[in-house]
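Take a look at the structure below.
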Amino acid sequence: MSNSASAGMRIEKLLDPGSFIEIGGHVTARNTDFNLPEKETPADGVATGYGTIDGSLVYVYSQDSAVLGGSVGEMHARKIVHLYQMAMKMGAPVIGMIDCAGMRLQEATDALNAFGELYLCQVNASGVIPQITAVFGSCGGGMALAPALADFVFMEAEKARMFVNAPNTLEDGAGKDTASAQFQSEKAGSVDKVGSEEEILESIRELISILPANNEDDMSYDECGDDLNRVCEGIEGCVQDGAKALAMISDDGFFYEVKEGFAKNMVTGFIRLNGVTAGAVANRTERRDEEGNVAETFEPRLTSNGCMKAAEFISFCDAFNIPVLTLVQAEGMKADFHQELRIAKSMAKMTCAYAGATVPKVTVIVGKAYGTAYTVMNSKGIGADLVYAWPDTAVGMMDAESAARIIYAEEIRQAENAPALIGEKAAEYAALQGSPLSAARRGYIDHIIQPGDTRKYVIGAFEMLFTKREDRPSKKHGTV
């Protein structure tokens with residue numbers, strides 16, 4: 001193995017004890033320019049091989065910053081490419097641990113071509129095997145594309161740096177640490193989880209335990225000791241925080257949130273239902289801390305970042321045959337200049353992800369669901385298999401009072417007691433066009449359920465949908 005203690009130790013901490021088998025440990029740089037042969041390049045700066053996590057096969061590479069700063073040269077990149085080729089043949093995940101000074105300047109076009117080969121491997125592997133990347137040191141320039149092409153990205157909180165262009169080279173970047181884990185997680189949305197090295201390695205092990213090994217694997221399940229008919233006591237009181245509500249529905253309170261620091265008004269992550277992994281998407285109007293106190297509040301509206309976050313997650317779930325549960329409480333789209341720049345395209349991406357997904361899709365309306373926001377959050381109209389709603393929710397074009405003011409504008413202007421008339425007409429509109437019952441009568445909601453029964457109905461729905469098969473028009477790919 002390469003001689004850096006950190007590179008080797010990370011592999012040992014990540015994998016089951018004694019399971020790692022190194023591949024290509026004797027490879028060194030072969031370029032002869034700039035006196036490169038005189039420099040020691042053991043394993044060419046990256047340890048590659050395979051091992052197990054809880055008995056499941058995984059392929060791993062770990063960069064060694066002690067060898068030319070961990071820079072990526074021709075043989076370095078080809079070792080990773082070879083690892084990908086083996087992982088594709090075996091149908092097993094690839095985990096990359098990055099600590100890299102960037103491209104090796106002494107190897108120039110050889111290194112550039114090798115980078116291209118690496119990118120090609122990652123693109124071909126996308127949707128076939130899970131790709132997980134953890135950044136522990138520097139990850140700059142061309143190497144920053146490796147995490148961007150992966151499915152899940154982790155970043156060490158203090159020392160890790162990820163950037164395409166270094167912060168000090170940005171024309172308008174004064175005072176902005178765009179390479180930090182906080183920026184990449186909360187602003188760029190490039191990172192799923194941030195933590196210490198130990199927390200990241202443990203989190204990767206947990207993620208591997210809930211994901212299928214490849215797109216044809218149906219082994220992403222575990223024994224369930226939780227009551228399948230368990231009543232979700234008090235779920236109405238915490239539904240504003242979608243993460244809390246999803247944990248209550250899941251087996252034994254399990255919820256693995258991804259991109260938790262980005263677009264917090266949209267929750268994405270994995271739950272367990274009768275032992276089976278399911279993807280989960282939920283709107284959020286409050287974020288609560290571990291003590292249950294409200295830490296942040298959000299408008300009940302879709303945002304461009306939230307929609308993109310959901311679209312990427314749904315696409316991953318569909319690629320790996322993971323069913324998707326959606327909890328809906330969306331009253332519209334956030335209205336400001338910055339949102340208007342991208343909101344339509346972002347909503348289109350999410351709509352395409354939902355509508356194009358052929359996995360089982362179940363939706364539960366848990367709050368107010370209005371307008372286009374309701375439609376694109378996996379409604380019947382774009383392909384939900386089953387839609388449930390809680391009794392005290394609202395489903396329609398807009399809130400009843402606003403609708404009444406528009407429909408009966410002339411009568412309201414002439415009324416002696418306008419507030420009373422507005423109230424009367426709003427109640428009439430809510431009954432005819434704004435309630436879950438009115439939507440259920442039209443077939444847009446399959447069943448109105450009590451909040452406490454959500455777990456029971458969702459598990460039953462996914463069990464019924466387990467053998468779902470759905471054909472789509474023959475085409476190369478969509479263009480949205």
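With no hydrogens or angles considered, no side-chain donor-acceptor pair links Y354 and S379 at under 3.5 Å. For the 3.5 Å distance criterion, the side chains of R342 and N305 qualify, holding a donor opposite an acceptor.
Classified by interplanar angle (parallel below 30°, tilted 30° to 60°, perpendicular above 60°), the ring pair Y256/F270 is tilted. Below 30°, between 30° and 60°, or above 60°: for H447 and Y388 the angle between ring planes is above 60°, a perpendicular geometry.
Of the possible polar contacts, one joining the K309 side chain to the K259 backbone as a donor-acceptor pair under 3.5 Å is found. Judged purely by atom type and a 3.5 angstrom limit, D16 uses its side chain to pair as donor or acceptor with the backbone of G55. Using modelled atom types, one side-chain atom of T351 and one backbone atom of M347 make a donor-acceptor pair closer than 3.5 Å. Here the side chain of D385 pairs a donor or acceptor atom with the backbone of K361 at under 3.5 angstrom. Listed for the Y119 side chain is a donor-acceptor partner under 3.5 Å among the backbone atoms of G142. In this structure, the side chain of K380 does not engage the main chain of I445 through any donor-acceptor pair within 3.5 Å. A donor-acceptor distance shorter than 3.5 angstrom exists from the side chain of Q339 to the backbone of S304, with no hydrogens or angles considered. Between the side chain of N321 and the backbone N or O of N215 there is at least one donor-acceptor pair closer than 3.5 Å. At least one donor-acceptor pair under 3.5 Å links the side chain of S209 to the backbone N or O of E206. In terms of modelled atom types and a separation under 3.5 Å, the side chain of D453 and the main chain of K456 share no donor-acceptor contact.
Annotation: the span from L228 atom CG to D226 atom CG amounts to 7.5 Å, rounded to 0.5 Å.
Side-chain contact between Y374 and K368 is absent, with no heavy atoms from C-beta onward closer than 4.5 Å. The shortest distance between side-chain heavy atoms of L325 and F462 falls below 4.5 Å. Within the 4.5 Å cutoff, the side chain of M464 has heavy atoms near those of the L386 side chain. Proximity of F320 to P130: side-chain heavy atoms (C-beta onward) are separated by under 4.5 Å at one or more points. Using a 4.5 Å heavy-atom threshold, the side chains of I322 and P212 count as touching.
The ring pair (Phe, Tyr, Trp, His ring centres under 6.0 Å) test applied to Y61 returns no partner, not counting sequence neighbours. Here F262 pairs with nothing under the ring pair (Phe, Tyr, Trp, His ring centres under 6.0 Å) rule; sequence neighbours left out.
More than 12 heavy atoms of other shown residues, nucleotides or ligands fall within 6.0 angstrom of atom CD in E198.
Checking D252, D227, D251 one by one against R455, the salt bridge (Lys or Arg N to Asp or Glu O under 4.0 Å) holds for a single residue, D251.
Across all non-hydrogen atoms, the minimal contact from Q433 to S438 is C-OG, 3.8 Å. Considering every non-hydrogen atom in both V480 and A348, the closest pair reads CG1-O, 3.8 Å. Contact between A278 and L273 at its shortest, heavy atoms only, is CB-CD1, 4.1 Å. Summarising the geometry of A355 relative to R472, their closest heavy-atom pair is O-NH1, 2.7 Å, with the distance given to 0.1 Å. Closest heavy-atom contact between P147 and T133: CG-CG2, 3.8 Å. In plain terms, the two heavy atoms of L14 and R205 that are nearest each other are O-NH1, 2.6 Å.
Screening residues 145-170 for side-chain hydrogen bond (donor to acceptor under 3.5 Å, both in side chains), with sequence neighbours left out, gives R161-D177.
By the 4.0 Å N-to-carboxylate-O rule, E257 lies too far from R287 to be salt-bridged with it.
The cationic group of K334 does not satisfy the cation-pi geometry with F298, failing either the under 6.0 Å distance to the six-membered ring centre or the 45° limit from the ring axis.
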